[in-house]
Number of protein chains: 2
Amino acid sequence: MKPQDIEKRSFEIITKELGARTFPVGIAEVVKRVIHTTADFDYAENLAFSPDVIEQAKAALCNGATIVTDTNMALSGISKPSLTKLGAKALCLMADPDIAREAKERGVTRAVVSMEHAARLDGPLIFAVGNAPTALIRLHELIGKDEVKPALVIGVPVGFVNVVEAKELFIGGKTPYIIARGRKGGSNVAAAIVNALLYQLIRREGF
Amino acid sequence: MKPQDIEKRSFEIITKELGARTFPVGIAEVVKRVIHTTADFDYAENLAFSPDVIEQAKAALCNGATIVTDTNMALSGISKPSLTKLGAKALCLMADPDIAREAKERGVTRAVVSMEHAARLDGPLIFAVGNAPTALIRLHELIGKDEVKPALVIGVPVGFVNVVEAKELFIGGKTPYIIARGRKGGSNVAAAIVNALLYQLIRREGF
């Protein structure tokens, strides 16, 4: 079986096992791709979407968005050929020595400093946070002070301390979001959500 | 809370929630780090270990092992400072243009060709497969033909097609293994298992 046939068959199995649990077009692709990445059907219940978020995210991606991740692992998992086709880009500032130095001096996490620096970038900004709840908390503060207006926040850090609360900050708020409620998530989930958005544009809408 | 305190507290929560489910020293660190990475307690049941695998893996890592991954995402997740301290290394051949060309010519996956090329490398070899069941299947064939003798196979691809069967090939076999039985796994899980082994050596045994 060729890789694309395996992916097709996998999505058929996921759709079948979801049974009566169906989702709107656009959201369905995100939910199924996250399940494809984790083999964990909990995500059918965990993922929360703000109204119209899929259309808003796709518009940002078609307008030269910059996707900011909080791990190099998430950055590695995002489809680079898809980004190039759309004229979008992705970056992660976590390994930047200046970020590390500033974080140490201020006694905050590198994720906090990364978000602050990324917030000053031009163009539509998509934040994909799969690891650090502190990144989400700082983003929420910056949004509250009108210092950044993200086109989308993908908030899917995984963990046991401060994670659930950090994610709940965005639920029902004005910033477009895709959030994995509860403890689960991860860099792989963040990348899968980005790819689910990219593939909708590239494969289905022919960009 | 500082990152190291958050990690400590997270492991305390995991240990508490595992309750009466305890594991031998060495294996416990692997199981808990995978749960830490996924927030998924299924891994307390899914992970299978060959006899003495932790000691064998640690010996390989202290003897200049090369860790071969089947995704750049897994490679990104492995602790580079820990590898450097031990004199071990990690690589992924998946993005190598020669690998892609050969795979296309032969009509096989890049993962298959990656494993074949990596099998010819010197020194103790640790294969960390978080994505491609075809990588595991080809590795199993190469082992059967005495073309490679891995120090460890971490077999944790995630997925719905051929994945369960590929992982079961190793259970009970002679090659040292850490396998996530069933559908679950991923690049993040592969990296977490490698890091759990590295941190035992660095943090607890003072390498």
Side-chain angles (χ1 to χ4, degrees), chain A residues 1-3 5-14 16-17 35-43 46 69 71-78 80 92 94-95 103 107-111 130-134 156-164 180 182-192, chain B residues 1-3 5-14 16-17 35-43 46 69 71-78 80 92 94-95 103 107-111 130-134 156-164 180 182-192:
Chain A
M1 262 176 121
K2 289 182 189 301
D5 295 333
I6 290 177
E7 182 170 309
K8 185 165 177 275
R9 179 77 191 115
S10 299
F11 276 78
E12 288 167 358
I13 294 169
I14 292 165
K16 190 178 168 209
E17 295 194 18
I35 295 172
H36 178 255
T37 291
T38 56
D40 188 342
F41 282 83
D42 280 3
Y43 287 101
N46 292 350
T69 68
T71 60
N72 276 299
M73 206 172 169
L75 182 62
S76 292
I78 294 173
K80 302 306 176 299
C92 174
M94 292 292 286
V108 297
T109 66
R110 286 184 297 153
N131 187 57
T134 54
V156 295
V158 59
F160 296 85
V161 178
N162 297 338
V163 165
V164 175
R183 289 169 166 177
K184 288 183 176 176
S187 296
N188 55 335
V189 173
Chain B
M1 263 177 121
K2 287 179 190 302
D5 295 332
I6 290 177
E7 181 170 310
K8 185 165 176 276
R9 179 74 192 116
S10 299
F11 275 78
E12 288 166 359
I13 293 169
I14 293 165
K16 190 178 168 210
E17 295 194 17
I35 295 172
H36 179 255
T37 291
T38 57
D40 188 343
F41 283 83
D42 281 3
Y43 287 100
N46 293 350
T69 69
T71 60
N72 275 300
M73 206 174 170
L75 182 62
S76 291
I78 294 172
K80 303 305 176 301
C92 173
M94 291 292 285
V108 297
T109 66
R110 286 184 296 152
N131 187 58
T134 53
V156 296
V158 59
F160 296 84
V161 177
N162 297 338
V163 165
V164 174
R183 289 170 166 177
K184 287 183 176 176
S187 296
N188 55 335
V189 173

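Chain identifiers are assigned alphabetically (A, B, ...) following the order of the sequence lines, protein sequences preceding nucleic acid strands; residue numbering begins at 1 within each chain.
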Side chain, backbone, both or neither of [X] within contact of chain A (heavy atoms, under 4.5 Å):
X	value
Thr134(B)	neither
Ala191(B)	side chain
Leu75(B)	neither
Ile6(B)	both

**Complete:** Nearest heavy-atom contact between Ser76(A) and Met73(B) is CB-CA, 3.8 Å

**Request:** Taking all heavy atoms of Ala132(A) and all of Ala111(A), pick out the closest pair and write down the distance.
**Result:** CB-CB, 3.4 Å

**Asked** Checking Arg110(A) side chain against Met94(A) main chain: does a donor-acceptor pair fall under 3.5 Å?
**Response** yes

**Asked** Near Lys8(B) NZ, under 6.0 Å, is it more than 12 heavy atoms from other residues, nucleotides or ligands?
**Response** no

**Asked** Among Val163(A), Thr109(A), Thr37(A), which residue forms the greatest number of heavy-atom pairs with chain B at distances under 4.5 Å?
**Response** Thr37(A)

**Top contributor to chain B contacts, counting heavy-atom pairs under 4.5 Å, from Val161(A), Asn131(A), Asn72(A)** = Val161(A)

Which one of [options] has the most heavy-atom pairs closer than 4.5 Å to chain A?
options	answer
Arg183(B), Glu7(B), Arg9(B)	Arg183(B)
Ile35(B), Asn162(B), Val158(B)	Val158(B)
Val108(B), Val189(B), Ile14(B)	Ile14(B)

**Interface moiety of Thr71(A) toward chain B, non-hydrogen atoms closer than 4.5 Å** = neither

**Request:** Go through the structure and list residues passing side chain to side chain contact (heavy atoms under 4.5 Å, CB included) with Asp40(B), not counting sequence neighbours.
**Result:** Asp40(A), Lys184(A), Thr38(B), Asp42(B), Tyr43(B), Lys184(B)

**Request:** Name the orientation class of the two ring planes belonging to Phe41(A) and Phe160(B) (parallel below 30°, tilted from 30 to 60°, perpendicular beyond 60°).
**Result:** perpendicular

